[in-house]
Novice: 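Take this structure, written in structure tokens, and hold onto it; I'll ask about it next.
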Amino acid sequence: MKYPIGIQTFEKIRTEGYVYVDKTQLVYKLATEGSCYFLSRPRRFGKSLLLSTLKSYFLGKKELFDGLAIADLETDWKEHPVLHFDFNTGKYTDSAALDEKIVHHLEQWEPLYDIKPKKFQSLSTRFENVIARACERTGRKVVVLVDEYDKPLLETIGNPELQDDYRKTLKSVYGVVKTLDSCIRFAFFTGVTKFSKVSIFSDLNNLKDITLDDRFSEICGISEEEIHRDFDEEVLLMAEVNAISKDECYRRLKKNYDGYHFSKQSVGMYNPFSLLNALDSKDFRDFWFATGTPTFLVEVLQHTDYPLDKLTTEEVDVRTMDSVDMMYSNPIPLLFQSGYLTIKDFDKEFKSYRLGFPNEEVERGFAQFLGTYYFSGGMNGSFTINNFVRDVRNGDIEGFMTRLQALFADGDYQVMGEMEIYFQNTLSVIFKLMGFYVQVERHTSRGRMDVTIQTRDYVYIMELKVDKTADEALQQIEDKQYAAPFVSDPRKLFKVGVRFGSESKGIDEWKYVSL
């Protein structure tokens, strides 16, 4: 089987024998039930392929759709002029970069319709002329497709002046779609995020946002039904290579790459990039994070004091999830729209969503990514998680605590904001990463963190306090009877009290008793 890894052109996939998961029934639904759409999905989730499929459909390339669902639905394959903006490849670092990208597209289209732009003519006027002339010359209404509309804005996070210039430019160009509505057959905008308050789409009051629409929740990604339908033999081959059963292979694929939910009632969706890479390589690696974490996410996390342990416990309403405009005070919408968090549950009474990590690939990759910013020197040297895990597995509480104390002694506490939250977040990342190898439970509140770690032979109960003594931390373990569930447990039990000093910005003392 040929996997279209990194191939985003529908025509190439269909003509060169690559596997294609049929989404054309939904493409037909889009084309026949509406005319102007917006869709937000995480990176590497098939947005560009969706637009390429729409492009081939509206160009009337019937032969590319033979054998697909749409072949039985569409009876009138009309060719329309298609104007396809692709902002994926640009590097938006200065005021001229966005204009140059838009001009590049306009200069491809204007000769097709014998348009000679006037000197100093605005980009929006030039775009208007292209649409009007294309409609006039062909006798068919125009299709406008915009891929990664928000990339110029995401790359200018941290540069508000340049971002504001880009907003104005994009607003004027995108507004043409509404101005020339009579000439537009169909328009589709995609991106990672939704900037709802910056008025980019304020003139497009006919724009239908299908990001959280149950009817289109499966339009990108691969469902459980689709993987069984289209890849069952490939899963069997992968199982044989890894010396596991086919059922176990399905379970591990699901655990690693499934779990994205894009509406309150949607089925779980696999990340297509990760799934196809896994089936191609016959290996369960973290493929999505290997492509790199966007710099805009780093920018936001560096400017927030958000407690990381709240990521999977907070409930948010649809308005919070819908916009990234307040990202510096609340990173949740950005993390959701970027694919690091997904919908886990919906409360019908309060109309609120509970979010969480979609799968282990994202959860593990996210923790490792944060580790490079919370740990001095990143995940290298003596602070690798492997060493922490070996210590707790071997019952070496002295080694574990010595490593932890050294980590904070070398840390940079100006990186992530307020010190107390930084202390908690650093520990949260450590224990999150350890949790992939040993059982770790964390109970947090501002100023302290309670941790229980379990291995085959040992149980660790830790109480961590800010500006209180290690003895006080140990006493709380006794007073709250944290060890009660393990009274009859044959494993060796450690009770550990830790003091974190606000002045020293490190672990001042720690004590333990063992049973």
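Scope of the values below: all heavy atoms of this structure, side chains included, with no hydrogens, waters or symmetry mates.
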Novice: Name the orientation class of the two ring planes belonging to Phe366 and Phe369 (parallel below 30°, tilted from 30 to 60°, perpendicular beyond 60°).
Specialist: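 Tilted: the ring planes of Phe366 and Phe369 meet at 30° to 60°.
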Novice: Got a sec, which pairs hit salt bridge (charged side-chain N to carboxylate O under 4.0 Å, His left out) with one end in residues 94-115, sequence neighbours left out?
Specialist: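 Of all non-adjacent pairs touching residues 94-115, those that pass salt bridge (charged side-chain N to carboxylate O under 4.0 Å, His left out) are Glu110-Arg126, Asp114-Arg137.
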Novice: Who passes side-chain hydrogen bond (donor to acceptor under 3.5 Å, both in side chains) against Asp232, sequence neighbours left out?
Specialist: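 For Asp232, the residues satisfying side-chain hydrogen bond (donor to acceptor under 3.5 Å, both in side chains) (neighbours in sequence not counted) are Lys246, Tyr250.
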Novice: Counting only heavy atoms not in Glu16, do more than 12 sit closer than 6.0 Å to its CD atom?
Specialist: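 Counting neighbours around CD of Glu16, more than 12 heavy atoms of other residues, nucleotides or ligands fall under 6.0 Å, so yes.
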Novice: State, with a plain yes or no, whether a side-chain heavy atom of Leu30 is found less than 4.5 Å away from one of Leu26.
Specialist: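 SC-SC contact between Leu30 and Leu26 ruled out.
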Novice: Is the shortest distance from a Lys or Arg side-chain nitrogen in Glu363 or Lys432 to a carboxylate oxygen in the other one below 4.0 Å?
Specialist: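 A salt bridge is present here (some side-chain N lies under 4.0 Å from a carboxylate O).
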Novice: How long is the span from the OG1 atom in Thr24 to the CG atom in Leu64, to the nearest 0.5 Å?
Specialist: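 Here the rounded value is 12.0 Å.
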Novice: Do Leu237 and Val241 have side-chain heavy atoms sitting under 4.5 Å apart?
Specialist: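 In short, these two side chains do not touch, never coming nearer than 4.5 Å.
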Novice: Give a yes-or-no answer on whether the side chains of Ser56 and Thr53 include a donor-acceptor pair shorter than 3.5 Å.
Specialist: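 Per modelled atom types, Ser56 and Thr53 side chains form no pair under 3.5 Å.
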Novice: Decide whether Ser352 and Asp317 meet the rule of one side-chain donor and one side-chain acceptor closer than 3.5 Å.
Specialist: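 The answer is no; no qualifying pair exists.
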Novice: Taking atom NZ of Lys62 as the centre, report whether more than 12 heavy atoms of other residues, nucleotides or ligands fall under 6.0 Å from it.
Specialist: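 Not more than 12 within 6.0 Å, no.
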Novice: Which class fits the ring pair Phe58 and Phe186: parallel under 30°, tilted 30 to 60°, perpendicular over 60°?
Specialist: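 Plane angle between 30° and 60°, so tilted.
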Novice: Nearest 0.5 Å, what's the NE2-CD distance between His105 and Gln108?
Specialist: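 Those atoms lie 7.0 Å apart.
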Novice: Would you please say whether a donor-acceptor pair under 3.5 Å links the side chains of Asp147 and Asn88?
Specialist: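 Asn88 and Asp147 do have a side-chain donor-acceptor pair below 3.5 Å.
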Novice: Using side-chain heavy atoms (C-beta onward) and a distance below 4.5 Å, is Arg43 in contact with Glu148?
Specialist: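 Answer no - side chains too far apart.
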Novice: Does the Lys NZ or Arg CZ of Lys208 fall within the cation-pi geometry relative to Tyr37 - under 6.0 Å from the ring centre and within 45° of the axis?
Specialist: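 Judged by the rule, Lys208 and Tyr37 form no cation-pi pair.
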Novice: Find out whether the Lys NZ or Arg CZ of Arg133 is both under 6.0 angstrom from the six-membered ring centre of Tyr113 and within 45° of the ring's axis.
Specialist: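 Judged by the rule, Arg133 and Tyr113 form no cation-pi pair.
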Novice: So Gln25 and Leu73, side chain to side chain contact (heavy atoms under 4.5 Å, CB included) or not? Walk me through it.
Specialist: CA-CA 8 Å; Gln25 184 174 357; Leu73 299 171; 4.1 Å; yes
Novice: Taking only residues two or more places apart in sequence, or in another chain, which ones meet Phe336 in a ring pair (Phe, Tyr, Trp, His ring centres under 6.0 Å)?
Specialist: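 Phe336 satisfies ring pair (Phe, Tyr, Trp, His ring centres under 6.0 Å) with no other residue.
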Novice: For this output row, return yes or no: ring centroids of Tyr149 and Phe38 closer than 6.0 angstrom.
Specialist: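 Yes - the distance between ring centres of Tyr149 and Phe38 falls below the 6.0 Å cut-off.
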Novice: Aromatic contact between Tyr18 and Tyr3, with the criterion being ring centroids under 6.0 Å apart: yes or no?
Specialist: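 Here the rings of Tyr3 and Tyr18 have centres that are no less than 6.0 Å from each other.
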Novice: Salt bridge (charged side-chain N to carboxylate O under 4.0 Å, His left out) with Asp280: which residues, sequence neighbours excluded?
Specialist: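 Per chain and number, Asp280 pairs via salt bridge (charged side-chain N to carboxylate O under 4.0 Å, His left out) with no residue.
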Novice: Met1 versus Phe231: any side-chain heavy-atom pair under 4.5 Å?
Specialist: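 Contact flag for Met1/Phe231 side chains = yes.
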Novice: By ring pair (Phe, Tyr, Trp, His ring centres under 6.0 Å), which residues pair with Tyr270, not counting sequence neighbours?
Specialist: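 For Tyr270 there are no ring pair (Phe, Tyr, Trp, His ring centres under 6.0 Å) partners, ignoring immediate neighbours.
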Novice: Within 45° of the six-membered ring axis of Phe262 and under 6.0 Å from that ring's centre, is NZ or CZ of Arg41 located there?
Specialist: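 Output yes; distance and angle both within limits.
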Novice: What's the spacing between Phe284 CZ and Asn277 CG if we round to 0.5 Å?
Specialist: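 Going from CZ on Phe284 over to CG on Asn277, the span is 13.5 Å.
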Novice: Would Asp347 and Lys351 pass as an ion pair if we require N to O under 4.0 Å?
Specialist: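 Salt bridge between Asp347 and Lys351, a charged N being under 4.0 Å from a carboxylate O: no.
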Novice: Report the distance from atom CG of Leu50 to atom OG of Ser52, rounding to the nearest 0.5 Å.
Specialist: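 The OG atom of Ser52 is 9.5 Å from CG of Leu50, to the nearest 0.5 Å.
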Novice: Rounded to the nearest 0.5 Å, what's the gap from CG on Leu154 to CD on Gln163? Could you check?
Specialist: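 If I round to the nearest 0.5 Å, the distance is 8.0 Å.
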Novice: Should the pair Glu225-Arg229 be classified as a salt bridge under the 4.0 Å nitrogen-to-oxygen rule?
Specialist: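 Looking at Arg229 together with Glu225, the answer is no, because their closest N to O distance does not fall below 4.0 Å.
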Novice: Assess, by modelled atom type and distance only, whether the side chains of Arg364 and Asn256 contain a donor and an acceptor separated by less than 3.5 Å.
Specialist: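 Result is yes, a qualifying pair exists.
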Novice: Would you call Asp181 and Lys178 a salt bridge, using N to O less than 4.0 angstrom?
Specialist: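 Judged by the 4.0 Å cut-off on N to carboxylate O distance, Asp181 and Lys178 do not form a salt bridge.
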Novice: Taking 4.0 angstrom as the limit, do Arg354 and Glu315 come out as a salt bridge?
Specialist: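 No, Arg354 and Glu315 are not salt-bridged.
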Novice: If you count every heavy atom of other residues, nucleotides or ligands that lies below 6.0 Å from Lys282 atom NZ, does the total exceed 12?
Specialist: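 Enclosed: over 12 neighbouring heavy atoms sit under 6.0 Å from NZ of Lys282.
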Novice: Run the ring pair (Phe, Tyr, Trp, His ring centres under 6.0 Å) test against Phe346 and tell me which residues pass, sequence neighbours left out.
Specialist: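 If we apply the ring pair (Phe, Tyr, Trp, His ring centres under 6.0 Å) test to Phe346, skipping adjacent residues, the hits are Tyr353.
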Novice: Establish, yes or no, whether a centroid distance under 6.0 Å links the rings of Phe10 and Tyr20.
Specialist: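 Yes, ring centres under 6.0 Å apart.
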Novice: Between Ser95 and Asp165, is any side-chain donor less than 3.5 angstrom from a side-chain acceptor?
Specialist: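 Checked: Ser95/Asp165 side chains show no N/O donor-acceptor pair below 3.5 Å.
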Novice: Determine the interplanar angle of the Tyr166 and Tyr92 rings, folded into 0 to 90°, and report it as parallel if under 30°, tilted if 30 to 60°, perpendicular if over 60°.
Specialist: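 Because their plane-to-plane angle is over 60°, the rings of Tyr166 and Tyr92 count as perpendicular.
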Novice: Are Trp77 and Phe65 close enough that their ring centers fall under 6.0 Å?
Specialist: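 So the answer is yes for these two rings.
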Novice: Side chains of Glu361 and Ser274: any donor to acceptor distance under 3.5 Å?
Specialist: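 Side chains of Ser274 and Glu361: pair found under 3.5 Å.
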Novice: Counting only heavy atoms not in Lys2, do more than 12 fall under 6.0 Å of its NZ?
Specialist: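 It does: Lys2 NZ has more than 12 such atoms within range.
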